[in-house]
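Reading through the structure tokens given below for one structure.
Throughout, a chain's letter reflects where its sequence line sits, starting with A, and its residues are numbered from 1.
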Amino acid sequence: NAGVTQTPKFQVLKTGQSMTLQCAQDMNHEYMSWYRQDPGMGLRLIHYSVGAGITDQGEVPNGYNVSRSTTEDFPLRLLSAAPSQTSVYFCASSPDGGIPFFGQGTRLTVV
Amino acid sequence: GQQLNQSPQSMFIQEGEDVSMNCTSSSIFNTWLWYKQDPGEGPVLLIALYKAGELTSNGRLTAQFGITRKDSFLNISASIPSDVGIYFCAGRDNYQLIWGAGTKLIIKP
């Protein structure tokens with residue numbers, strides 16, 4: 001059982017580039033979310049989805065887009081990368097919005 | 001955004017010592033969660049608390065849901081080297097999950 005799988009694990013982007021962080025879960029969870037983790041700030045919610053076809057903004061959505069075409073996948077798109085988006089990104093899923101299960105993270109550096 | 005006040009920010013301890021950390025909030029929560037994050041990994045759930053006053057153990061770990069529903073603590077007894085990492089609390093109200101900034105546990109050689 002793979003749980004929540006994130007790819008890539010590491011990524012370096014130049015300012016202005018775009019990219020997609022992938023997230024897939026095999027637990028048939030309805031609820032999925034994206035967080036960013038910065039030193040001393042804990043986890044901050046970027047976007048979340050309560051089911052296929054439904055997404056909503058979290059605390060820090062600017063500069064990011066999401067879509068949820070299937071239950072399994074919840075990709076996060078950076079439209080035009082900025083140095084302020086240098087962070088560690090975590091995808092999480094839960095069956096009912098309760099206890100989230102996290103992926104291993106993607107460490108993104110924007111230069 | 002709203003955050004829980006988690007303290008201490010970091011702890012330097014000797015192997016074998018007991019550890020205590022806590023989270024406080026001005027808001028009332030229905031659920032408290034405690035996670036541990038190892039370097040290079042995602043957070044992993046340690047303990048979930050659902051009722052005010054609830055005291056739950058998981059091996060050497062014990063966590064409590066405060067009576068006021070505004071705080072929670074986590075104790076680790078007889079620390080061992082694999083306890084190093086960052087510990088996060090999270091509180092859930094009717095609408096959202098709010099995260100503490102984390103407590104970094106470091107064991108002195």
As a quick check of understanding, evaluate side chain to side chain contact (heavy atoms under 4.5 Å, CB included) for B/Gln37 and A/Phe90, giving each step before the final call. CA-CA 12 Å; B/Gln37 184 180 25; A/Phe90 288 101; 3.1 Å; yes
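Hydrophobic clustering (side-chain heavy atoms under 4.5 Å, transitive across Ile, Leu, Val, Met, Phe, Trp, Tyr) keeps A/Trp34 apart from A/Val88. Residues B/Val84 and B/Val19 are members of one and the same hydrophobic cluster, defined by side-chain heavy-atom contacts under 4.5 angstrom among Ile, Leu, Val, Met, Phe, Trp and Tyr. Two different hydrophobic clusters hold A/Leu45 and A/Leu21 under the rule that ILVMFWY side chains link at heavy-atom gaps under 4.5 Å. Hydrophobic clustering of Ile, Leu, Val, Met, Phe, Trp and Tyr side chains at less than 4.5 Å, counting indirect connections, keeps A/Val4 apart from A/Leu108. In the hydrophobic cluster analysis, where Ile, Leu, Val, Met, Phe, Trp and Tyr join through side-chain heavy atoms closer than 4.5 angstrom, B/Met11 is grouped together with B/Leu46.
Under a cut-off of 6.0 angstrom, the local environment of NZ in A/Lys9 is crowded, with over 12 non-hydrogen atoms contributed by other residues, nucleotides or ligands. Crowding of A/Lys14 atom NZ: a count of heavy atoms from other residues, nucleotides or ligands under 6.0 Å not exceeding 12.
Neither the backbone nor the side chain of A/Pro39 comes within contact range of chain B; no heavy atom of the residue lies under 4.5 Å from a heavy atom of that chain. Using a 4.5 Å cut-off between heavy atoms, A/Gln37 contacts chain B through its side chain alone, with no backbone atom that close.
Taking the side chain as every heavy atom from C-beta outward, A/Pro100 and B/Leu33 approach each other to under 4.5 Å. Residues B/Leu97 and A/Tyr35 have side chains in contact (heavy-atom distance under 4.5 Å, counting atoms from C-beta outward). A heavy-atom distance below 4.5 Å is found between the side chains of B/Tyr35 and A/Ile99. Side-chain atoms of A/Leu43 and B/Pro43, non-hydrogen and from C-beta on, do get closer than 4.5 Å to each other.
The CD1 atom of B/Ile98 sits 7.5 Å away from the CD atom of A/Glu59 when rounded to the nearest 0.5 Å.
If you look at B/Trp99 and A/Phe102, their ring centroids are closer than 6.0 Å.
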